[in-house]
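Worksheet for the structure shown next.
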Amino acid sequence: MQISRFDLPTVLLIFVATSSLVLLFFGLDPAPSFISFQHYPTVIAQVLFITAVFARAERREALLGMTSAQKLCLFVLFLYVPFTSYISPIPTAIFLSQFWTIHVLFFVALLAFFRSNTGPTEDTVWKATGIAALLHVLAFFFAWAVWPEQIWAGILPVFENIRFLGYFLSPVAAVMAVWFLTRLGYQVLPLCCYAAAAFYLIYTGSRGGAIACVGALVIAGAYIALTRQNMAVRKLFILIGVTGLLIFLSTLLPKLPWAPLFDRAANVPDQTTTQALSSRDLLWSDVANAIRERWLFGYGPSFVTHVFNYALDPGDIQFVRENIRNPHNSILQLLLHWGVIGTFIILATAGSFTRNIWSSLLGRPDRALLPFVAITTMMIHSLVSGVFFYPYSTVVGIIAFASMAAKSR
């Protein structure tokens, strides 16, 4: 049965991917928000999507194609998330675990949806994320005009920190760039969406986001060449020219509390390791010490600040900052939240889909390209930032991985 790309689950999936836009309606209040509030728009959209998908029998039946290992891993992961959060000494862990449990169900619903759906649904979702990125950057300029004192303090209304939005914009910038390079015609919309997202990363000095985006594009270029996909060279020069103009524009505008990307990069040779890493090395050391205290099961999905208050003596903490929420490193985040056992379960679950991913990359390169670029960007960026901590960016990675995992049964 062919399903219209504009049926209810498709619309809800677009809502999930662009759910961060809901936060803009609360942006009239420039006061910093709580992380729990930032969760809700995405989580509500996920629950609606999950419900709509499993309301149809043919989509539930699409899951029968999963291997026994995949079903077992997903079932164990689904049980482990609330378990480790329940036994956690951090009171907020059990509250935050509900969101991660929904992530697991969302992934399963995506598998059912992508396997039973036909038509350009995924293109529609990626296009929507590009438009969302464009609207977010326009909202940034609006916030700058209305609350300049907040922007100068490094605070982006609702998102709290001006850098957090980059977690969403970095993969979108890479996807829009590849879309522009590989699709027929000049595709003005993806070029505009790329320009907006790339400008934000350059102007706010997001080195991690920029390096991740460039690294993913290099890997994507190799993948395009390997699979012999079409790419217009003239478009590459257009993309490079647009990027050069964005860099030039960032030097003309007033500097934010963080210098633009290339100004920050120029200062790196004169900085210590701690300065170059923005004190992340101190944070990573403290997180590693906390992991040793509870290495088997972890602390559940807790704020790093709360973990430090429980696990470490205040005099032993090198990285002193209030309300630090994540380790800014995906490997440390896995071990801190879920321990060795949980990390093994998560990696085993992802590994159970390796054959599907490989089959997708080799057998359907034209369909796998965009999600491959998105997940590659996020994996690189997650080594130095909390990309997989915030729900509005985490779901982008889940959608990308699920769409590749669903390509082959």
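Shortest non-hydrogen contact noted between Val104 and Leu74 is CG1-O, 4.2 Å. Between Ser385 and Arg280, the shortest heavy-atom contact is OG-NH2, 3.7 Å. The minimum heavy-atom distance between Ser302 and Leu96, with the atom names listed, is CA-CD1, 4.3 Å. Pairing each heavy atom of Leu24 with each of Ala139, the nearest pair is CD2-CB, 3.7 Å. The shortest non-hydrogen separation linking Leu246 to Ala198 is CD1-CB, 3.8 Å. Val384 and Gly208 get closest at one heavy-atom pair: CG2-CA, 4.0 Å.
Within the 3.5 Å criterion, the main-chain N or O of Leu282 finds no donor-acceptor partner in the side chain of Ser285. For the pair Thr377 (side chain) and Ser170 (backbone), a donor-acceptor distance under 3.5 Å is absent. Using a distance-only test at 3.5 Å, with no hydrogens or angles considered, a donor-acceptor pair links the side chain of Thr305 to the main chain of Ile324. Here the side chain of Thr84 pairs a donor or acceptor atom with the backbone of Phe297 at under 3.5 angstrom. With hydrogens and angles disregarded, no donor-acceptor distance shorter than 3.5 Å links the side chain of Arg115 to the backbone of Leu63. The main-chain N or O of Val340 is never found under 3.5 Å from a side-chain atom of Thr343 such that the two would form a donor-acceptor pair. A distance-only check finds a donor-acceptor pair linking the side chain of Arg294 to the backbone of Gly298 [under 3.5 Å]. The closest donor-acceptor contact from the side chain of Tyr299 to the backbone of Ala290 lies under 3.5 Å. A donor-acceptor pair under 3.5 Å is formed between the side chain of His328 and the backbone N or O of Asn326.
Aromatic ring orientation, Trp144 versus Tyr203: tilted (interplanar angle from 30° to 60°). Ring-plane geometry between Phe401 and Phe107 is classed as tilted, the angle between the planes lying from 30 to 60 degrees on a 0 to 90 degree scale.
You'll find the side chain of Val172 stays beyond 4.5 Å of the side chain of Trp126, heavy atoms only. Using a 4.5 Å heavy-atom threshold, the side chains of Leu111 and Gln70 count as separate. Counting heavy atoms from C-beta on, the side chains of Ile102 and Val47 come closer than 4.5 Å. Annotation: side chain of Asp123 is in contact with side chain of Arg367 (closest heavy-atom distance under 4.5 Å). Side-chain contact between Ile399 and Leu13 is present, with at least one heavy-atom pair separated by less than 4.5 Å. Using a 4.5 Å heavy-atom cutoff, the side chains of Phe95 and Ser85 are not in contact. For the pair Val108 and Phe78, the minimum side-chain heavy-atom distance is 4.5 Å or more. Contact of the Leu369 side chain with the Val178 side chain is registered, since non-hydrogen atoms from C-beta on lie closer than 4.5 Å.
Note: Phe303 CZ to Arg325 CZ = 5.0 Å, rounded to the nearest 0.5 Å. With rounding to the nearest 0.5 angstrom, the OG atom of Ser330 is 5.0 Å from the CG atom of Leu383. Taking NE2 of His136 as the start and CG of Leu23 as the end, the distance is 7.0 Å to the nearest 0.5 Å. Note that the CD1 atom of Ile247 and the CG atom of Leu252 stand 12.5 Å from one another [nearest 0.5 Å]. To the nearest 0.5 Å, atom CE of residue Met378 and atom CZ of residue Phe388 are 4.5 Å apart. Interatomic distance, Met404 CE to Phe114 CZ, rounded to the nearest 0.5 Å: 10.5 Å.
Cation-pi check for Arg355 over Trp358 is not met; the charged atom does not lie both under 6.0 angstrom from the ring centroid and within 45 degrees of its normal.
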Margin query: Using the rule given for side-chain contact (heavy atoms from CB on, under 4.5 Å), can you reason through Tyr390 versus Phe168, listing the C-alpha separation, both sets of side-chain angles and the distance that settles it, and then say yes or no?
Written below: CA-CA 9 Å; Tyr390 296 91; Phe168 176 80; over 6 Å; no

Next item on the list: Please test Phe308 against Asp313 for side-chain contact (heavy atoms from CB on, under 4.5 Å), starting from the C-alpha separation and ending with a verdict.
Entry: CA-CA 8 Å; Phe308 285 174; Asp313 185 281; over 6 Å; no

Notebook entry, point to check: Between Thr243 and Tyr194, is a side-chain contact (heavy atoms from CB on, under 4.5 Å) present by the stated rule, with each step listed?
Noted result: CA-CA 9 Å; Thr243 305; Tyr194 162 78; 2.6 Å; yes

Notebook entry, point to check: Given Thr182 and Asn230, is the side-chain contact (heavy atoms from CB on, under 4.5 Å) satisfied, shown in steps?
Noted result: CA-CA 6 Å; Thr182 58; Asn230 294 325; over 6 Å; no

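Partners of Phe75 by ring pair (Phe, Tyr, Trp, His ring centres under 6.0 Å), not counting sequence neighbours: none found. The ring pair (Phe, Tyr, Trp, His ring centres under 6.0 Å) search around Phe141 returns Phe199, not counting sequence neighbours. Residues passing the ring pair (Phe, Tyr, Trp, His ring centres under 6.0 Å) test with His337, sequence neighbours excluded: none.
In summary, the aromatic rings of Phe49 and Phe113 are positioned with their centroids under 6.0 Å apart. Taking the six-membered ring for Trp and the full ring otherwise, Tyr223 and Phe372 have centroids separated by under 6.0 Å. Annotation: Phe106 is not in aromatic contact with His103 [ring centroid separation under 6.0 Å not met].
Counting heavy-atom neighbours within 6.0 Å of Trp152 CH2, excluding the residue itself, gives a total above 12. Annotation: Ile331, atom CD1; neighbour count of heavy atoms from other residues, nucleotides and ligands within 6.0 Å does not exceed 12.
In this structure, Arg183 does not pair ionically with Asp366, as no charged nitrogen and carboxylate oxygen lie closer than 4.0 Å.
No side-chain N or O of Ser359 forms a donor-acceptor pair with one of Asn356 less than 3.5 Å apart.
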